[in-house]
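Remarks on the structure that follows.
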Amino acid sequence: MWSFFARDPIKDFNYEILPENQEKSGIWTLSRGKRKTTGEPVSVFVYEISQGTEEQTQLAKAAFKRTKTLRHPNILSYVDGLETEKSLYIVTEPVTPLAAHLKLQAEKGGASDLEVSWGLHQIVKALSFLVNDCHLNHNNMGMWAVFVDRAGEWKLGGLDHVTSEQGDSISLPPPKVINPDLERYDPPESPGNGGEKWTGDVWRLGCLIWEVFNGSLPRASSLRSLGKIPKQLVPHYCELVGANPKIRPNPARFLLNCRSPGGFMNNSFVESCLFLEEIQIKEPAEKQQFFQDLSENLDSFPEDFCKHKVLPQLLTAFEFGNAGAVVLTPLFKVGKYLSAEEYQQKIIPVIVKMFSSTDRAMRIRLLQQMEQFIQYLNEAAVNSQIFPHVVHGFTDTNPAIREQTVKSMLLLAPKLNETNLNQELMRHFARLQARDDQGPIRCNTTVCLGKIAPYLNAGMRQRVLISAFSRAAKDPFPASRAAGVLGFAATHQYYSVAESASRILPTLCTLTVDPDKNVRDQAFKAIKSFLSKLETVSEDPSKLAEIEKDVTALAQTGGSAATWAGWAVTGVSSLTSKLIRNAPAVPTNTANKGVGHIWSRGVQSETSNEETVEPDKDRWDDEDWGSLEVNDGYSNYVKSLLFFHSAQEGVGLASDYNWDGAEGKSTTSDLLSSVSQRSTTVRLWWRENRKYLPNNHALTPSGLSKVELAKKKREERRKELEAKRAERKAAKGPLKLGARKLD
């Protein structure tokens, strides 16, 4: 009757044992398992009492006790356990036997010396903990007692034969009694005959080192043959397997010897691992330097270690350690090892949070490296969590931030929704093109607009493109004028025949007498292309529908932004064959009216609602935006434009500056100084060369250009309005107590 109410403890066990991949580990059977509630993977060591001898059962119970009570980072981690009348269960972190791990690594080309050096470091450290801190002897050191976790870190297990130096009340049988094959691992001296009690463990450690490099040990005499043991390790290995037990080093001493300069365990990988173990107690400056140096070493680190050891520390450092932008480079390097699902779970939430940071170094790093993670971002996250923060970069006072923000739109545009792309982004682009004081940034805005044109809806293209490129064609900066011409050519399929004849060709014809020869050359090529289209329609009017088929075409979906990025480099020759127009189309909503007029009429001034900014002030940086770098086909011309023939000045682009503050590279202060120098050079160049510019930049009787004169008038008007407001306020006097303010 009572058996009816008895509960089977196995059914209440929180872990499920998976039947596949079971293997023997001494007297235990190692199985894979998972937690029933969460599915978290574990390893389960199972011992069946009915199948073992009394001595084996005694060892199993001793191992259960030791595994449960001994806690150390380098000893197999105990998670849970269960002891019944029939079985013993020990649940640990998910691990693989060292022999199986080395076999798998051999199939991939063999384990690296870096990985082995850290693995042996961990095992020796665990043995030192048992011997020196716990005053215990392991008595079972060998390949079978070492396990490897998911990060590739070695853990010491096999605690079946652990005994105290003072002696235990229960005497445990030695390993060779249970398994006679283990006798070849016993030291040559008889037990208790000279030396410390731990000298037997040190001898077996030498046997383990031999087997790691040479495979299974056939006999004790084979220890004399060094085989593939590294030269740096040979003298210390020989001390371990010396015939005289009195000269064998303590595990702690052996570790110090191997960590000495030139030693086997003295390398960047071990140093990095030791730092990560103590990172919580390190100073912020030390953490910053560590993460900065980590990027250079990650390529030589094992992949599993990067995924399961380095990545969690990087995420923790950002979340709780205020590590800042310095963690981005190693974070994205480690991200290459992750699957798409893992990337979404571990890195994307951190990236989304990073975009809300006010740290400029963080923001510019994210923008520069966006190409590495943009494919993992979904449209909802881009529009609601990322784009609202990114657009602040358009109005940032730092030119480098504005430059990178414009470039990032090339990657973000395919994922933006109707409102963000056709309204919000176009407003910022119009503002940059009309008012930004940095020529390369205005130029990049035009280039980027030309590249994202396929994603705009038809109504927005009709209102924006011609106005924007026409404005760029009047820019005093030669690269900007060239970008305007190339913009017309790259988007030629979106213009009707009437627009080409009445609006585009007149603009291009004025550039045929441009002071810059490259602008003239591009203008002539573009004119020939548009004239060819007009001649084709004139000869055969039935082809009009075919030529204008893309004028009202629907916006393209994402995926083609980087594929047609050659237009800024290759010019307009063979346009039809160079432009990609085969991306699938999707329906879009009607464009919001009221955005396109910004491009044609200028942007409202921030200081007054009564005045507008003339669209004559533009400059641009003509780079190949497919790779965000200058291509060879156009590089010489671009360099001559952007650097004003480096003999005049040595100022580079904002994106060329180092934001780490590393020695030998420009710092943030250097950047600001360089930008100031660059602005001064541009002004000097303008004064010296403005007489060669087209008529719309001619000087007025006052000695100022039309642009300068307009700017001066706007400033005078602003001051006049402010003075009037101040007079009205002063005339009214202070408000009386209880009076209502009516204006």
Between [X] (side chain) and [Y] (backbone), is there a donor-acceptor pair under 3.5 Å?
{"X": "Gln289", "Y": "Glu286", "answer": "no"}
{"X": "Ser87", "Y": "Thr84", "answer": "no"}
{"X": "Thr53", "Y": "Gln56", "answer": "yes"}
{"X": "Glu296", "Y": "Asp293", "answer": "no"}
{"X": "Ser128", "Y": "Val124", "answer": "no"}
{"X": "Asn74", "Y": "Lys155", "answer": "no"}
{"X": "His308", "Y": "Asp149", "answer": "no"}

Just wondering, do [Y] and [X] contact through their side chains at under 4.5 Å, heavy atoms?
{"X": "Tyr15", "Y": "Lys36", "value": "no"}
{"X": "Val162", "Y": "Asn139", "value": "no"}
{"X": "Phe373", "Y": "Ile347", "value": "no"}
{"X": "Leu130", "Y": "Asp201", "value": "no"}
{"X": "Val46", "Y": "Leu88", "value": "no"}
{"X": "Phe355", "Y": "Arg363", "value": "no"}
{"X": "Pro261", "Y": "Asn266", "value": "yes"}
{"X": "Phe301", "Y": "Ser272", "value": "yes"}

Which residues share a side-chain contact (heavy atoms from CB on, under 4.5 Å) with Lys65, sequence neighbours left out: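 Scan of Lys65 (side-chain contact (heavy atoms from CB on, under 4.5 Å), adjacent residues dropped) gives none.
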
Residue list, side-chain contact (heavy atoms from CB on, under 4.5 Å) with Tyr337, at least two apart or on another chain: Glu303, Cys306, Lys307

Looking at [Y] and [X], is there a salt bridge between them, counting it only when a charged N and a carboxylate O are closer than 4.0 Å?
{"X": "Lys309", "Y": "Glu153", "answer": "yes"}
{"X": "Glu271", "Y": "Arg259", "answer": "yes"}
{"X": "Glu277", "Y": "Lys125", "answer": "yes"}
{"X": "Lys333", "Y": "Asp299", "answer": "yes"}

Going from [atom1] on [X] to [atom2] on [Y], what distance comes out if it is rounded to the nearest 0.5 angstrom?
{"X": "Leu315", "Y": "Lys353", "atom1": "CG", "atom2": "NZ", "result": "11.0 Å"}
{"X": "Cys258", "Y": "Leu120", "atom1": "SG", "atom2": "CG", "result": "8.5 Å"}
{"X": "Arg204", "Y": "Leu240", "atom1": "CZ", "atom2": "CG", "result": "13.0 Å"}
{"X": "Leu98", "Y": "Ile123", "atom1": "CG", "atom2": "CD1", "result": "7.5 Å"}
{"X": "Asp133", "Y": "His72", "atom1": "CG", "atom2": "NE2", "result": "7.0 Å"}
{"X": "Glu115", "Y": "Cys273", "atom1": "CD", "atom2": "SG", "result": "10.0 Å"}

Which atoms form the tightest heavy-atom contact between [X] and [Y], and what is the distance?
{"X": "Pro245", "Y": "Ala243", "answer": "CD-O, 3.2 Å"}
{"X": "Arg66", "Y": "Ser164", "answer": "NH2-N, 4.5 Å"}
{"X": "Ile75", "Y": "Leu70", "answer": "CG2-O, 4.4 Å"}
{"X": "Leu82", "Y": "Phe64", "answer": "N-CE1, 3.8 Å"}
{"X": "Pro330", "Y": "Ser295", "answer": "CD-OG, 3.1 Å"}
{"X": "Trp203", "Y": "Val241", "answer": "CZ3-O, 3.3 Å"}

Show me the donor-acceptor pairs, under 3.5 Å and distance only, between side chains in residues 205-218 and residues at least two apart or in other chains.
residue	atom	partner	partner atom	Å
Trp210	NE1	Ser222	O	3.2
Trp210	NE1	Ser225	O	2.7
Glu211	OE2	Tyr185	OH	2.4
Glu211	OE2	Leu217	N	2.9
Asn214	OD1	Lys228	N	2.7
Asn214	ND2	Trp210	O	3.3
Asn214	ND2	Leu226	O	3.2

Check against salt bridge (charged side-chain N to carboxylate O under 4.0 Å, His left out), Glu278 and Lys282: CA-CA 7 Å; Glu278 302 173 352; Lys282 296 293 185 180; 3.6 Å; yes

Sequence neighbours excluded and cut-off under 3.5 Å, please list the side-chain donor-acceptor pairs for residues 22-30, or say none.
residue	atom	partner	partner atom	Å
Gln22	NE2	Ser31	OG	3.4
Trp28	NE1	Asp160	OD2	3.3

Ring-ring centroid check Phe147 Phe45, cutoff 6.0 Å: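 Yes, ring centres under 6.0 Å apart.
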
Ring centroid separation Phe13 to Tyr89 under 6.0 Å: yes

Glu165/Asn137 under side-chain contact (heavy atoms from CB on, under 4.5 Å): CA gap, chis, key distance, verdict: CA-CA 7 Å; Glu165 289 184 359; Asn137 296 323; 4.0 Å; yes

Partner set under side-chain hydrogen bond (donor to acceptor under 3.5 Å, both in side chains) for Ser117, not counting sequence neighbours: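 Asn267.
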
side-chain hydrogen bond (donor to acceptor under 3.5 Å, both in side chains) against Arg150, all qualifying residues, sequence neighbours excluded: none

Parallel, tilted or perpendicular, as decided by the 30° and 60° cut-offs, for the rings of Phe305 and Phe269: perpendicular

Chi angles and distances behind the side chain to side chain donor-acceptor pair (under 3.5 Å) call for Tyr47, Thr57: CA-CA 8 Å; Tyr47 172 74; Thr57 302; 2.8 Å; yes

side-chain contact (heavy atoms from CB on, under 4.5 Å) evaluation trace for Ile90 with Tyr78: CA-CA 7 Å; Ile90 300 177; Tyr78 174 88; 4.0 Å; yes

side-chain contact (heavy atoms from CB on, under 4.5 Å) evaluation trace for Thr92 with Ser43: CA-CA 5 Å; Thr92 69; Ser43 289; 3.6 Å; yes

How about [atom1] on [X], more than 12 heavy atoms from neighbouring residues, nucleotides or ligands closer than 6.0 Å, or not?
{"X": "Glu54", "atom1": "CD", "result": "no"}
{"X": "Arg224", "atom1": "CZ", "result": "no"}
{"X": "Lys34", "atom1": "NZ", "result": "no"}

side-chain contact (heavy atoms from CB on, under 4.5 Å) assessment of Val390 paired with Leu367: CA-CA 9 Å; Val390 172; Leu367 296 174; 4.2 Å; yes

Test salt bridge (Lys or Arg N to Asp or Glu O under 4.0 Å) applied to Arg248 and Glu239, Glu196, Glu189, the passing residue: Glu189

